Amino acid sequence: PMCPSGSSCRVSLRDLFERAIILSHYIHSLSSELSQEFDAQYSQGPEFFTQAMSMCHTASLSTPAGKEQAHQIHQKDFVILVIHLLRSWTEPLSHLIIEANHLPKAPDTLIAKAMEIQEQNQRLLEGVKKISKLVDPEIIDNGDYSVWLGLPSLQSNDLESRLFAYHNEFRCLRRDTHKVDNYLKFLKCQIAYDGSC
Amino acid sequence: SPPGKPVIFKCSSPEKETFTCWWKPGANGGLPTNYTLTYYKEGEDTIYECPDYNTSGPNSCYFSKKFTSLWSVYIIRVYATNKMGISASDERLVDVAYIVEPNPPKNVTLEIQQPEDGKPYLWIKWVPPTLADTASGWLLLQYEVRLKHEKAVEWEIYFAGQQTNFKVLSFYPGYKYLVHVRCKPDHGLWSKWSEEHSIEIPSDLNMNDE
């Protein structure tokens with residue numbers, strides 16, 4: 001069974017999950033605010049950003065899109081998947097912060113939020129790694145993540161293209177942080193509470 | 001004349017597993033008019049038709065679990081067709097992750113508790129709405145309670161977190177109290193308030209610690 005080293009492992013797992021969920025909930029809330037703040041600041045009409053929708057760089061990660069799919073993933077693999085999702089944003093976040101300074105009239109609050117998300121994302125990544133070790137000491141994390149190739153778009157000379165790129169990154173960040181938050185809340189109940197919170 | 005333009009006015013999911021969209025028909029041009037909902041998903045070209053026009057009532061499309069994916073944008077449109085022509089609604093972009101609006105909590109019960117070693121309190125209990133699977137952790141609900149006595153104007157509103165019960169310590173004997181409860185997912189929309197429940201507080205209730 002999960003958590004082979006007995007009840008003390010389960011207590012610390014519950015504690016680790018609770019802490020991770022506080023972080024993941026906070027990170028997603030910040031990401032939602034960041035996305036809305038950017039759109040409010042730079043949108044040039046109601047449908048302006050509708051055409052900006054393009055695939056997220058994490059689309060290649062096979063993530064469950066519903067509860068039944070979530071139940072079908074082995075819990076160890078699911079924890080690793082969360083780690084991959086989190087790790088996939090380490091590089092984009094650092095570039096977003098650097099490049100955002102070049103946006104016209106870039107609001108300080110927008111950059112501050114992105115920096116806060118970057119910091120907390122890193123903490124959450126470390127936390128979920130700890131969880132994975134408790135779930136299974138022999139768990140193997142091959143360091144995988146989705147490669148991000150979005151830097152040239154963030155540096156585009158054409159302002160509209162650049163705004164579309166930022167919009168899409170913040171939209172994808174909002175989506176993936178929601179996934180991570182949702183998955184951690186689900187895994188907490190499945191792993192640390194035997195499937196029933 | 002051709003039909004008027006339909007309007008998709010709402011899409012929502014009660015439990016983050018299925019969802020429904022509703023539309024308002026436009027003018028029907030005095031002719032029998034047929035409505036068709038079509039959709040495609042972000043990053044895909046295939047256009048699908050509504051899988052179920054019935055489950056959620058008239059002028060609606062219900063997407064069961066089989067047809068529901070979170071974190072994927074659905075681009076939805078409704079067409080109205082009669083003998084004179086066709087008209088299409090504006091596109092509606094929907095990500096089910098962000099349209100979760102649960103049904104109200106159920107089975108609200110009220111009772112006065114008089115512990116031996118403390119003040120009496122009004123104990124409000126309820127259960128999550130139907131269909132909401134909070135046990136698995138897929139859906140996390142938070143609750144809010146509002147109450148007032150019959151003669152009061154303002155509601156007192158209390159946030160109960162994820163608990164499904166709440167204790168109210170400050171109330172007046174001799175009054176009838178009205179109570180509602182509602183819920184909200186961690187990242188979603190408040191439900192409507194539950195049905196009203198009420199309780200008469202006995203006038204002779206001793207409000208001091210025993």
Side-chain angles (χ1 to χ4, degrees), chain A residues 14 17-18 21-22 24-33 35-36 46-47 49-56 58-61 63-71 75 78 85 168 171-172 174-197, chain B residues 7-8 13-19 39-45 51 63-77 89-100 102 127-128 131-143 161-164 184-189:
Chain A
R14 286 184 182 182
F17 265 116
E18 294 300 347
I21 283 164
I22 290 169
S24 61
H25 187 97
Y26 173 55
I27 290 167
H28 174 62
S29 300
L30 271 181
S31 303
S32 294
E33 289 169 24
S35 180
Q36 281 148 23
E47 308 291 327
F49 281 126
T50 309
Q51 332 136 51
M53 195 160 58
S54 61
M55 208 63 99
C56 301
T58 49
S60 57
L61 289 173
T63 55
K67 186 176 75 173
E68 277 158 18
Q69 284 178 29
H71 274 301
Q75 289 166 358
F78 207 164
L85 255 178
N168 204 59
R171 183 184 69 89
C172 293
R174 179 188 184 210
R175 167 180 291 182
D176 285 348
T177 55
H178 190 277
K179 284 184 181 181
V180 165
D181 186 48
N182 201 102
Y183 294 157
L184 287 175
K185 286 165 180 169
F186 177 76
L187 285 168
K188 178 193 89 172
C189 292
Q190 298 302 308
I191 297 175
Y193 288 86
D194 291 334
S196 183
C197 274
Chain B
V7 175
I8 302 171
S13 165
E15 76 306 68
K16 220 193 294 189
E17 296 188 54
T18 68
F19 74 103
Y39 69 96
Y40 63 94
K41 284 157 80 173
E42 161 193 359
E44 295 177 15
D45 300 323
F63 295 77
S64 65
K65 292 177 188 178
K66 180 182 162 191
F67 296 99
T68 298
S69 305
L70 271 73
W71 305 298
S72 174
V73 175
Y74 286 67
I75 298 95
I76 301 169
R77 207 190 280 272
S89 71
D90 292 336
E91 272 182 349
R92 177 97 172 197
L93 273 58
V94 170
D95 184 333
V96 179
Y98 304 124
I99 59 166
V100 182
V127 298
L131 306 176
D133 171 13
T134 51
S136 77
W138 187 257
L139 179 68
L140 186 148
L141 290 179
Q142 304 164 326
Y143 300 92
Q162 295 173 46
Q163 294 167 197
T164 52
K184 166 179 152 347
D186 46 359
H187 303 293
L189 308 164

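Heavy-atom basis, side chains included; hydrogens, waters and symmetry copies ignored. It should be emphasised that the depicted structure is a prediction, and the values quoted were computed from it without experimental measurement. Each chain gets a letter, A, B and so on, in the order its sequence line appears, and its residues count up from 1.
- For Lys188(A), no part lies under 4.5 angstrom from a heavy atom of chain B.
- Within a 6.0 Å sphere centred on CD of Glu68(A), heavy atoms belonging to other residues, nucleotides or ligands number 12 at most.
- Of all non-hydrogen atoms in Ala135(B) and Cys189(A), the two that sit nearest each other are O-CB, 3.6 Å.
- Of the two parts of Ser136(B), the backbone and the side chain both hold a non-hydrogen atom closer than 4.5 Å to a non-hydrogen atom of chain A.
- To the nearest 0.5 Å, atoms CZ (Arg174(A)) and CG (Asp95(B)) are separated by 7.5 Å.
- Proximity to chain A involves both the backbone and the side chain of Ser69(B), based on heavy atoms less than 4.5 angstrom apart.
- Tyr98(B) and Arg175(A) make their closest contact through OH-CA, 3.4 Å (heavy atoms, listed as atom of the first residue, atom of the second, distance).
- No donor-acceptor contact under 3.5 angstrom links the side chains of Asp186(B) and His25(A), judged on distance only.
- Of the two parts of Glu47(A), neither the backbone nor the side chain holds a non-hydrogen atom closer than 4.5 Å to a non-hydrogen atom of chain B.
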| Could you walk me through whether Asn182(A) and Lys16(B) pass the side chain to side chain contact (heavy atoms under 4.5 Å, CB included) check? | CA-CA 11 Å; Asn182(A) 201 102; Lys16(B) 220 193 294 189; 2.3 Å; yes
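- No other option in His71(A), Gln190(A), Met55(A) has as many heavy-atom pairs under 4.5 Å with chain B as Gln190(A).
- With a threshold of 4.5 angstrom between heavy atoms, Asp176(A) does not approach chain B through any atom at all.
- Neither the backbone nor the side chain of Leu139(B) comes within contact range of chain A; no heavy atom of the residue lies under 4.5 Å from a heavy atom of that chain.
- Distance NZ/Lys67(A) to CD/Glu15(B): 8.0 Å, rounded to 0.5 Å.
- Rounding to the nearest 0.5 angstrom, the gap separating the CD atom in Glu42(B) from the CE atom in Met53(A) is 5.0 Å.
- Options Pro64(A), Ala65(A), Cys56(A) differ in how many heavy-atom pairs under 4.5 Å they form with chain B, and the most are formed by Ala65(A).
- Both the backbone and the side chain of Val73(B) come within contact range of chain A, with heavy atoms under 4.5 Å apart.
- We find the NE2-NE2 distance between His28(A) and His187(B) to be 4.5 Å, quoted to the nearest 0.5 Å.
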